[in-house]
Number of protein chains: 2
Amino acid sequence: MFEKVLIAEDHESTNISVQKTLGDLAITQYDYVYYCDDALLRISKSVLAQQPYQLLITDISFEEDHREQKLKNGIELIMKVKAVDPTIKVIVFSAEDRPNIIEGLFKDQGIDAYVRKARHDAKELKLAIETISKGKKHLANQLRQGVKEKNLHEFTTLDITILTLLSQGVLQKDIPLYLQKNNIKPSGLSTIEKRLSHMKEMLEFSKNEQLIVFCKDLGII
Amino acid sequence: MFEKVLIAEDHESTNISVQKTLGDLAITQYDYVYYCDDALLRISKSVLAQQPYQLLITDISFEEDHREQKLKNGIELIMKVKAVDPTIKVIVFSAEDRPNIIEGLFKDQGIDAYVRKARHDAKELKLAIETISKGKKHLANQLRQGVKEKNLHEFTTLDITILTLLSQGVLQKDIPLYLQKNNIKPSGLSTIEKRLSHMKEMLEFSKNEQLIVFCKDLGII
DNA sequence: TTATAAATTACGGGAAACCGTAAAACGGAG
DNA sequence: CTCCGTTTTACGGTTTCCCGTAATTTATAA
């Protein structure tokens with residue numbers, strides 16, 4: 001079992017609860033912080049002191065407040081932490097439920113477990129800690145089903161750019177200009193029209209408005 | 001101070017944390033549930049047994065799962081509870097940060113306090129409980145500023161209907177048909193065009209797509 | 001009831017978006 | 001370099017949307 005753990009979670013109530021979970025697992029040597037910057041600082045120090053944390057439990061979204069922070073969210077934190085100590089295990093404990101985002105955490109950030117804040121999250125977190133301490137990965141239950149369904153359409157960077165511009169009020173006919181200014185290669189109006197109608201066809205939508213809300217819900221834009 | 005309290009919160013971790021807060025306030029007689037239906041049941045029973053709960057601490061959004069529930073969220077719960085026992089005090093403890101929604105809780109549901117899940121939420125919850133036990137209302141700090149800014153445009157039910165239909169893929173020119181079928185009075189195409197352009201003018205938007213994402217973020221649709 | 005104001009709807013010209021087709025540019029393989 | 005296939009762009013007709021004006025209906029008060 002882990003001997004030295006760090007909790008990074010801005011919500012005080014959740015932070016308290018995670019502390020209690022560690023207590024239930026008889027892990028006494030842990031620290032907790034409310035800001036990503038503090039988390040990175042503690043981990044850096046622990047590595048230098050040759051007493052590294054073995055596990056980081058962190059949230060993804062951290063709210064901004066009066067204290068100016070370098071690291072804006074858990075993803076940035078994980079990347080910096082992994083650079084300092086690639087051996088540290090990471091559990092993300094978050095309310096995020098959009099499959100693409102969670103998938104990205106495993107794929108891009110190389111996290112060891114994802115526990116979603118939900119009905120049995122305390123028990124699930126406990127289980128995740130136990131599983132990882134044995135050297136395994138832990139994928140949250142509700143994710144397994146989520147991952148397989150979608151994939152109706154793979155959004156390219158161009159697609160996302162187009163949708164973002166539309167949602168910012170740029171006229172379709174003016175999008176080519178924006179793309180050229182930013183040196184994005186396919187920039188013809190026809191291409192944009194084609195992409196949009198293709199996306200709608202794949203997802204069986206009829207209007208851009210539908211596409212926008214769909215991507216909003218999925219966290220694509 | 002309150003002597004008998006009920007916690008309704010589906011997230012186990014948050015539920016645990018609220019329990020701990022009550023413990024810190026030396027409130028020993030409390031119960032906790034993970035479903036709205038259970039909460040209403042307990043409160044109804046306590047009233048019949050002439051030992052009513054004095055305070056309900058509840059979340060707003062409850063996730064659906066295998067257990068079929070009558071009450072889908074905290075708002076429905078509060079309404080039912082108030083019908084059974086109008087004297088009970090209510091604290092909403094939620095991550096909701098959209099001012100219109102929070103405002104509605106005070107105005108329509110007559111809640112006594114709103115504590116947002118955030119950095120110092122445990123301390124804030126503690127304070128709210130203390131304040132209310134003295135017979136006062138408690139408005140979360142971060143709300144006060146939020147309430148005054150917006151109000152750039154007051155969305156009518158018609159507005160919301162139009163935006164909802166658009167986001168579902170209904171063509172603008174077909175909206176009059178939908179409105180007539182549901183006996184919604186202004187149903188002319190011109191009126192719809194006018195509402196849309198008026199909304200966009202007020203909010204300084206140029207496209208429907210912008211309007212949609214804006215309303216999504218505000219929780220209007 | 002009638003006069004007046006407000007809201008709703010009808011209409012029409014112009015802009016933007018949609019959609020199919022064809023032309024042009026690009027990218028290997030031989 | 002040429003050929004071939006793919007991607008990108010250009011173009012034109014049609015639909016939908018936008019927006020101003022005018023007509024109509026509804027509401028309100030004298």
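Naming convention: chains lettered A, B, ... in sequence-line order (proteins, then strands); numbering from 1 in each chain.
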Task: Partner set under side chain to side chain donor-acceptor pair (under 3.5 Å) for B:Q109, not counting sequence neighbours - done: none
Sub-3.5 Å pairs of nitrogen or oxygen atoms, protein against nucleotides 7-11 of chain D:
| from | atom 1 | to | atom 2 | distance (Å) |
| --- | --- | --- | --- | --- |
| D:dT9 | OP1 | A:S187 | N | 3.3 |
| D:dT9 | OP2 | A:S187 | N | 3.2 |
| D:dT9 | OP2 | A:G188 | N | 2.7 |
| D:dT9 | OP2 | A:T191 | OG1 | 2.8 |
| D:dA10 | N7 | A:S190 | OG | 2.8 |
| D:dA10 | N6 | A:S190 | OG | 3.0 |
| D:dC11 | N4 | A:S190 | OG | 3.4 |

Task: Positional range of nucleotides in DNA chain C within the contact set of chain A, heavy-atom, under 4.0 Å - done: C:dA16 to C:dT21
Please output the side-chain donor-acceptor pairs of residues 178-187 of chain B that fall under 3.5 Å, not counting sequence neighbours, one pair per line with the distance.
none

Task: Centroid-centroid distance, B:F214 to B:F205, less than 6.0 Å - done: yes
Open item on the list: I'd like to know if the side chain of B:D65 pairs up with that of B:Y35 as donor and acceptor (distance under 3.5 Å, no hydrogens or angles considered).
Closed with: yes
Task: Atom pair NZ/CD of A:K126 and B:E12 - distance to nearest 0.5 Å - done: 8.5 Å
TODO: Tell me, please, whether A:F93 has A:K117 positioned over its six-membered ring: NZ or CZ under 6.0 Å from the ring centre and within 45 degrees of its axis?
DONE: yes
- [ ] Give me the residues of residues 161-184 of chain A where at least one heavy atom lies under 4.0 Å from an atom of DNA chain C, by number, or none.
- [x] A:L171, A:Q172, A:K173
Task: Heavy-atom pair of closest approach, residues B:S94 and B:Y114 - done: O-OH, 3.3 Å
Open item on the list: Going by side chain to side chain donor-acceptor pair (under 3.5 Å), name the residues that satisfy it together with A:S13, two or more places apart in sequence or in a different chain.
Closed with: B:D121
Open item on the list: What I'd like to find out is whether the side chain of A:V115 reaches to under 4.5 Å of the side chain of A:I91, using heavy atoms alone.
Closed with: yes
Open item on the list: In whole Å, I'd like the distance from the NZ atom of B:K207 to the P atom of D:dT16.
Closed with: 16 Å
- [ ] Determine whether the side chains of B:N208 and A:K207 contain a donor N or O and an acceptor N or O closer than 3.5 Å.
- [x] no
